[in-house]
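Order of the sequence lines fixes the chain letters, A, B, ..., with proteins taken first and strands second; residue numbering starts at 1 for each chain.
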Amino acid sequence: MKAKEIRTKFLEFFESKQHKIVPSAPLVVKNDPTLMFINAGMNQFKDIFLGHGHSESKRVADTQKCLRVSGKHNDLDEVGHDTYHHTLFEMLGNWSFGDYFKKEAIAWAWELLTEVYGLDKESLYVTVFEGDKEDGTAFDKESFDFWKAIIPEDHILNGNKKDNFWEMGDSGPCGPCSEIHIDIRTIEEKANISGRDLINQDHPEVIEIWNLVFIEFNRKANGQLETLPNKHIDTGMGFERLTMAIQGVRSNYDTDIFQPIIQTIAKETGFEYGKDKKKDIAMRVVADHIRALAFTIADGQLPSNVGAGYVIRRILRRAVRYAYSFLDKKEAFMYKVLPVLIQEMGEAFPELIKQEKLISKVIQEEENSFLNTLSTGIMRIEKIIEQLTLSGQKSLSGKDAFELYDTFGFPFDLTELILKENGFRVSKADFDKHMREQKARSKQASITETDDWVIVSEQIEGNGFVGYSLLSTEIKIVKYRKIQAKNTIAYQLVFNQTPFYAESGGQVGDTGFIQNETETINIFDTKKENNLTVHYTNQLPKNPENTFQAHVTAEKRWMTANNHTAAHLMHHALRDVLGTHVEQKGSYVDADYLRFDFAHFQKMSDEEILQVEDLVNQAIWNNAPANIQIDVDIKEAEKLGAIALFGEKYGDKVRVVQFADSIELCGGTHVEATGQIGLFKIIHESAIAAGIRRVEAITGEKAIAYYNTQANELDQIKGLLKGQKELSKGVQNLLDENKKLHKQIDELNQLKAAGIKAELLTKALKINGVNIITSTVDLDANNIKNLVFALLRDAKHTLVALGGKSDDKVTLTVALSKDLIDEKGLDAGKIIRSVSKEIQGGGGGQAHFATAGGKNPNGLEKAYQLIKEQMNK
RNA sequence: GGGGGAUUAGCUCAGUUGGCUAGAGCGUUUGACUGGCAGUCAAGAGGUCAUCGGUUCGAUUCCGAUAUUCUCCA
């Protein structure tokens, strides 16, 4: 059975059990501070489990793309070395929200595996939770009994809290789980050792394929468990593992999910897969990572040096490193593997096809940039080796190796390899020590403590977000909690309803205050945590159970709306001017300006920028009214031609924002009619990544202020140029003149210097066969320098000591012709140090040229005297 | 969010106890050689040493802040 078929059968099976099939959520997680990427099938249903949202369907199934790069079940470092760890994988899952429970979940899992997929019953084992004394949880007899009805008892094992009690995090919904394991070893191996003894023993061929989680508890921050009113089913089956079992191969990488990719890598690198252990590992690494990269970039996450983007960059660099070291690939090549991946996966994940060009460009660019990092690192290492050789050392300190890694991004294993090739050592333990210190530092800096929610009043009626139409309304506080980070304490408040817009879709959160007769509480930010709107304040109300009037800062909201609507108009204009390949890749909108990132492969020309500005301003002057529809069926919205974003999760019902021809799915706040925006001006256009441009713009008052400043500047220049008509010509004239004058000054200075030179030569004294010229001249330090070098150019046995005065400071320059240094061992630096105290200063320099500065011009004569005396000896 | 680097000619980079008229290679301009292309040789142009402050007689160099950027950790 082909992988594609396996995926389809799963979905069809649960559809036949009255499940609604939903699309995979985008990989990149927004609105959840605890998670960067989707790492389990249940992530997109977290709100439902937490009780913050509800599902329209009580039964749901899907295949979810997941990314795991750290954590107990997967470490990036392991991927490729074995046959079953992945960064990106698909999780097949079925869910019940307060509907069916253990009985059905178990029965259907068994039916699907054995009857639809035809897996051998004898090779399947299941585990059930044995209970835990500390938590006061009992043996999961219910599950045990359901299983006993369908499989022999010797295929049922008990599991402890670690393996069979599933938790979302330190707190939150949790419950016992029952895992299904499969033994894919050969008959001989099975006869030798029973599969039963290898369950959960990290055997690569006796593995868990499906986890059925029975969510029935909530763990509080203090560790205690409470029973949930609604019980849920949450299951997850690793698609790659399942495919391996069904296709009868021994490794995930041998399935038809990975083989086409691996074969392409083999072709690109010129090595065969399966011949050399190290090369195989490298090929698996590349095959795995290219999948992760393609999916995350398709979902809008670009490699960067912070947060989620950094994780992507690290994955890419790991792949490049393996290819570089083991597959002899010293140039970018991964982007060439991409077409095969897209051919295989594009049908199930159409975003890959849509974004192919961008993904390819980004990957290629990143590969090249890291290869560049590597080559500068290699230069650095070569330098280090040279130094080690010179000083006769045999090993590099872990600290230096860490510096290479930490500061220059050069991987430790390459450092170690190159040193070894040259006969040097480096201490891994020492390196690790520095790594631990760095981690501890970061952790210390980002420590946050979150207390339990304090419930103020459980059941209050409210209308959620009312801020589209109201900037002020009566609210009650539902709950609050304290959060503590480093030195700051803040409180999060949740209301029954709120006029405050929570940061999302690139638009900043509202600020304002809540107030009643007795107190006023400032709200400095509003954010979303999953579906919850959280208001941030530094101060807790004394009587939180009272009713408050909530007020949003209107001016800020107003200006933000200007910018948000302008961003829509600009998006539309960009597509008109540049083409429909322009796709939003990110945006930021606040009261001050708007920022819009989009896919486009070259710099915008000045004309294009002007055209976009014109189109937006015309749309503003047309004063198009807002046409905002809520609860539009997503299919309906698509028919209208509304622009949706990749990597954004939309429900079935969406909000459609329309201004004339600009139609977008958007939850943000907008102007009532475009005329309110007043004026639009692009102030910046730049590249932020391969194939991504950024445009920054301002509107309304800010745009007017911008033009005023420019006009002011112009007026001032006009004034300075005394009313010349063509300003640029006037400035050009000035520049030309300036250049000419500079040249004249240079010439005059040279003449002056020549005059002084001639005069000085007549003053030369001969002492002990040395021509000594001492004088105080009216030149600055730089010109004295020129003069001195001119004097010495063809002079022999000559010492020059020249003083110069400027303001209350004085300089002294001593220079020698080269023969004096060679023959008499004189040193201008030493001479100047010995006399500089006479001018109350200090100085130094080289043997042939030295300068000093001081405060006492009257000391110059004494200094000359001393120099002459020195020559007399 | 925290740590460590970097910013010098159009490009890639050197520049150590603070004073070497701030250099190299590539590119560019001009000239010579060659029938032309290409090339070789020679000469020249090109720098507020990121910005702003401080220490110092003197800062590209030391210190601080800002901006940009790279890199590691979270």
Exercise. In whole Å, what is the span from the NZ atom of A/K830 to the C1' atom of B/rC20?
Worked result: 17 Å
For this session: Output the single nucleotide from B/rG3, B/rC73, B/rG4 whose closest atom is nearest the side chain of A/T407.
Result: B/rG4
Seminar exercise, completed: Ranking A/F849 and A/K439 by the position along RNA chain B of their nearest nucleotide, the one closer to 5' is A/F849
Exercise. Does a distance-only test, which skips hydrogens and angles, find a donor-acceptor pair under 3.5 Å between the side chain of A/T851 and the base of B/rG19?
Worked result: yes
Problem set entry | Step-by-step side-chain hydrogen bond (donor to acceptor under 3.5 Å, both in side chains) determination, A/N522 to A/T537 | CA-CA 6 Å; A/N522 183 50; A/T537 182; 6.0 Å; no
Problem set entry | Contact nearer the 5' end of RNA chain B, comparing A/K383 with A/A852 | A/K383
Seminar exercise, completed: Closest non-hydrogen contact found for A/A308 with A/Q301 is CB-OE1, 3.6 Å
Exercise. A/L816 has an atom CG; how far is it from atom P of B/rG19, in whole Å?
Worked result: 18 Å
Exercise. Is A/E366 paired with A/R313 through a side-chain N to carboxylate O contact shorter than 4.0 Å?
Worked result: yes
Exercise. Taking the side chain of A/Y310 as heavy atoms from C-beta outward, which of B/rA74, B/rG5, B/rC72 is closest to it?
Worked result: B/rC72
Exercise. Salt bridge between A/E529 and A/R481, side-chain N to carboxylate O under 4.0 Å?
Worked result: yes
Exercise. Mind checking whether A/Y536 and A/F524 have parallel, tilted or perpendicular rings, split at 30° and 60°?
Worked result: tilted
Would you tabulate the nitrogen or oxygen pairs shorter than 3.5 Å linking the protein to nucleotides 58-60 of chain B?
residue : atom : partner : partner atom : Å
B/rG58  : OP1  : A/K809  : NZ           : 3.0

For this session: Name the nucleic acid region contacted by A/R380, choosing base, sugar-phosphate or nothing; use a 4.0 angstrom heavy-atom cut-off, strictly under.
Result: nothing
Seminar exercise, completed: Looking only at B/rC73, B/rG3, B/rU21, the nucleotide nearest the A/H848 side chain is B/rU21
For this session: Could you please name the option among B/rG3, B/rU71, B/rC73 that lies closest to any side-chain atom of A/Y405?
Result: B/rC73
Problem set entry | Side-chain ion pair, A/D430 and A/K399, N-O less than 4.0 Å | no
Seminar exercise, completed: Regarding the side chain of A/T376, the nearest nucleotide among B/rA74, B/rC72, B/rC13 is B/rC13
Problem set entry | Spacing between A/F412 atom CZ and B/rC73 atom P, to the nearest angstrom | 14 Å
Problem set entry | Shortest non-hydrogen separation from A/H85 to A/D288 and the atoms involved | O-OD2, 4.2 Å
Exercise. Is A/R693 salt-bridged to A/D597, cutoff N-O under 4.0 Å?
Worked result: no
For this session: Would you kindly check whether a donor in the side chain of A/D406 faces an acceptor in the base of B/rG3, or vice versa, at under 3.5 angstrom?
Result: yes
Exercise. Does the side chain of A/Q438 pick up a donor-acceptor pair with the side chain of A/R441 at under 3.5 Å?
Worked result: yes
Using atom names, set out every protein N or O paired with an N or O of nucleotides 62-65 of chain B below 3.5 Å, distance rounded to 0.1 Å.
none

For this session: Between B/rG64 and B/rG18, how far apart are the P atoms? Round to whole Å, please.
Result: 16 Å
For this session: Answer yes when A/K428 and A/D432 have at least one side-chain N-carboxylate O distance shorter than 4.0 Å, and no when they do not.
Result: yes
For this session: Give the stems involving RNA chain B, where a stem is 3 or more consecutive Watson-Crick or G-U wobble pairs (i with j, i+1 with j-1, and so on) under 3.5 Å.
Result: B:1-7 with B:67-73, B:10-13 with B:23-26, B:28-33 with B:39-44, B:50-54 with B:62-66
Exercise. What about the rings of A/F431 and A/F412, do their centers lie closer together than 6.0 Å?
Worked result: yes
Seminar exercise, completed: Testing B/rC72, B/rA74, B/rU71 for proximity to the side chain of A/M435, the answer is B/rC72
